[in-house]
Engineer: 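Below you'll find the structure I mean.
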Number of protein chains: 2
Amino acid sequence: MKYELILKNISRFINLNQEEQDLYISLFTEKKIKKKDFLLRQGEIARHDYFITKGCLKVYNIDTKGSEHISMFAVKDWWSGDMASFITQQPANYFIQALEESEVLQISKENFDLLFERIPKFERFYRILYQRSLVTYIQRSDQNISFSAEDRYLNFIKKYPSLLNRISQKNIAAYLGVTPEFLSLLRKKMASM
Amino acid sequence: MKYELILKNISRFINLNQEEQDLYISLFTEKKIKKKDFLLRQGEIARHDYFITKGCLKVYNIDTKGSEHISMFAVKDWWSGDMASFITQQPANYFIQALEESEVLQISKENFDLLFERIPKFERFYRILYQRSLVTYIQRSDQNISFSAEDRYLNFIKKYPSLLNRISQKNIAAYLGVTPEFLSLLRKKMASM
DNA sequence: AGAGAAAAATAATGTACATTAAGAAATTAC
DNA sequence: GTAATTTCTTAATGTACATTATTTTTCTCT
């Protein structure tokens with residue numbers, strides 16, 4: 001069944017009875033996205049938060065010089081969205097674009113707010129989810145500043161082993177924060193060792 | 001009264017009655033730290049989480065090459081700690097050291113767990129607190145990879161205006177991820193414009 | 001207040017990565 | 001299935017920042 005994956009994801013941190021499960025699922029709608037289509041663009045308001053059930057998307061922004069920086073890749077069983085924009089309902093800083101034909105479950109801001117009213121247990125779920133994400137992002141923010149491109153590439157491979165041969169080097173470079181030219185050079189150098 | 005600050009901090013997101021306030025405060029103990037003393041060292045288990053009521057501390061790690069990288073400065077009215085170690089009770093990656101004579105309120109892991117049992121509202125408090133921190137760290141992790149040292153310096157001044165003349169350039173450099181020599185050069189260059 | 005230690009400034013040289021440009025290989029589109 | 005686009009590779013040159021070393025300034029301790 002379609003909602004198994006999201007219910008299993010939730011059950012990592014909280015238990016829901018049947019009634020709660022039904023209510024929870026009723027707050028989501030399904031959405032299919034074709035390759036290269038956008039869930040969100042910089043400047044729009046993020047009306048939804050997303051749970052990925054199939055495919056792969058990238059969350060990125062374009063800086064003042066026009067370069068693209070990928071903040072995360074969202075794959076099956078991951079949550080994604082522009083949290084700042086979703087929470088504050090201010091214009092988004094990020095684009096979310098499908099790298100493959102993908103499927104997501106989306107929840108609107110209204111339903112997200114409703115969720116906490118109806119099933120307060122979800123405060124706990126998100127407390128723990130955010131706590132874990134925080135640990136990851138604190139680490140990543142430290143690593144981005146102190147690790148070489150080669151170290152970050154090795155980390156990328158560890159973190160997203162399934163993506164290495166699934167997405168373009170151009171996108172990997174944009175995630176690492178280097179030019180595609182330099183990544184190409186790096187890989188050549190690493191292969192020769 | 002000593003606990004006004006922390007109660008006011010909490011009240012940003014949840015309301016506590018008198019009884020809850022008393023219980024909450026009973027879970028903390030006060031601690032004074034002399035300049036240069038440590039609340040935590042890399043390799044130790046983080047037994048406490050901290051709320052700063054006075055002074056200034058730095059949270060940093062030492063990488064494999066021996067360089068120091070400052071992850072955050074903790075000042076009055078901020079929360080601090082090594083979250084990964086505190087939650088998992090595994091060895092810490094971070095040092096927490098006082099840059100000035102400081103005072104904190106500390107809560108133990110046991111009391112932190114107890115808090116959620118006794119006053120479930122705190123799930124909500126931390127859900128919102130972590131949500132906000134996440135937005136900050138996602139931004140910072142993106143900026144660390146795409147911004148120049150000069151941009152990051154300007155951001156530092158915006159984020160910590162009170163610290164600019166309070167802490168050494170050496171520490172600012174370790175926060176920015178550059179050498180003190182380069183920061184000195186940067187400042188000279190920026191002053192002459 | 002004065003000695004010693006730590007921080008900051010300056011400068012020379014080195015390195016990781018960017019930029020630009022051009023050709024080769026792989027994808028996409030009709 | 002071939003043209004058109006996009007991606008990848010390679011190479012030359014440029015730049016932001018690191019490293020090392022020396023001197024000057026500021027802070028710390030008793």
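Everything numeric in this text was worked out from a predicted model, so none of it was measured.
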Engineer: Roughly how many Å is it from NZ in A:K189 to C1' in C:dT15, rounded to a whole number?
Structural biologist: 11 Å

Engineer: Could you give the NZ-to-C1' distance, from B:K65 to D:dA18, as a whole number of Å?
Structural biologist: 10 Å

Engineer: For B:F116, does the six-membered ring have the charged nitrogen or CZ of A:R127 within the cation-pi criterion, i.e. under 6.0 angstrom from the centroid and within 45° of the normal?
Structural biologist: yes

Engineer: Could you tell me the separation between the CG atom of B:L186 and the C1' atom of C:dA8, rounded to a whole number of Å?
Structural biologist: 14 Å

Engineer: Grab the CZ-P distance between A:R187 and C:dC17 for me, whole Å please.
Structural biologist: 16 Å

Engineer: Looking at every strand, decide which applies to A:K35 at a 4.0 Å heavy-atom threshold: base, sugar-phosphate, or nothing.
Structural biologist: sugar-phosphate

Engineer: Can the ring centroids of B:F112 and B:Y126 be said to lie less than 6.0 angstrom from one another?
Structural biologist: yes

Engineer: In whole Å, what is the span from the NZ atom of A:K36 to the P atom of C:dT27?
Structural biologist: 13 Å

Engineer: If you draw the axis of the six-membered ring of A:F125, does the NZ or CZ of B:R124 fall within 45° of it and under 6.0 Å from the ring centre?
Structural biologist: no

Engineer: From CZ of B:R166 over to C1' of D:dT26, roughly how many Å is that when rounded to an integer?
Structural biologist: 19 Å

Engineer: Is the positively charged end of A:K58 above the ring of A:Y60, judged by distance under 6.0 angstrom from the centroid and angle within 45° of the axis?
Structural biologist: yes

Engineer: Let's see if you can work this out: which of C:dC17, C:dA8, C:dA11 has an atom nearest to the side-chain heavy atoms of B:K188?
Structural biologist: C:dA11

Engineer: Does D:dT26 have its OP1 or OP2 closer than 4.0 Å to a side-chain nitrogen or oxygen of B:Q169?
Structural biologist: no

Engineer: Near DNA chain C, counting only heavy atoms under 4.0 Å, which residues of residues 177-185 of chain A show up?
Structural biologist: A:G177, A:V178, A:T179, A:E181, A:F182

Engineer: When you group the ILVMFWY residues by side-chain heavy-atom contacts below 4.5 Å and let the links chain together, are A:I14 and B:I128 in the same group?
Structural biologist: yes

Engineer: In whole Å, what is the span from the CG atom of B:L99 to the P atom of D:dC27?
Structural biologist: 15 Å

Engineer: Kindly indicate whether a cation-pi arrangement holds for B:R152 with B:F182, taking the cut-offs as under 6.0 Å to the six-membered ring centre and within 45° of the axis.
Structural biologist: no

Engineer: Under 3.5 Å, side-chain donor or acceptor atoms of residues 87-98 of chain A against the rest of the protein: list the pairs with distances, not counting sequence neighbours.
Structural biologist:
from  : atom 1 : to     : atom 2 : distance (Å)
A:T88 : OG1    : A:A84  : O      : 2.7
A:T88 : OG1    : A:Q90  : N      : 3.3
A:Q89 : OE1    : A:R47  : NH1    : 3.2
A:Q89 : NE2    : A:A46  : O      : 3.0
A:Q89 : NE2    : A:F86  : O      : 2.9
A:Y94 : OH     : B:D142 : OD2    : 2.4
A:Q97 : NE2    : A:K36  : O      : 2.9

Engineer: Please report the distance, rounded to the nearest Å, between CG in A:D151 and C1' in C:dC17.
Structural biologist: 14 Å

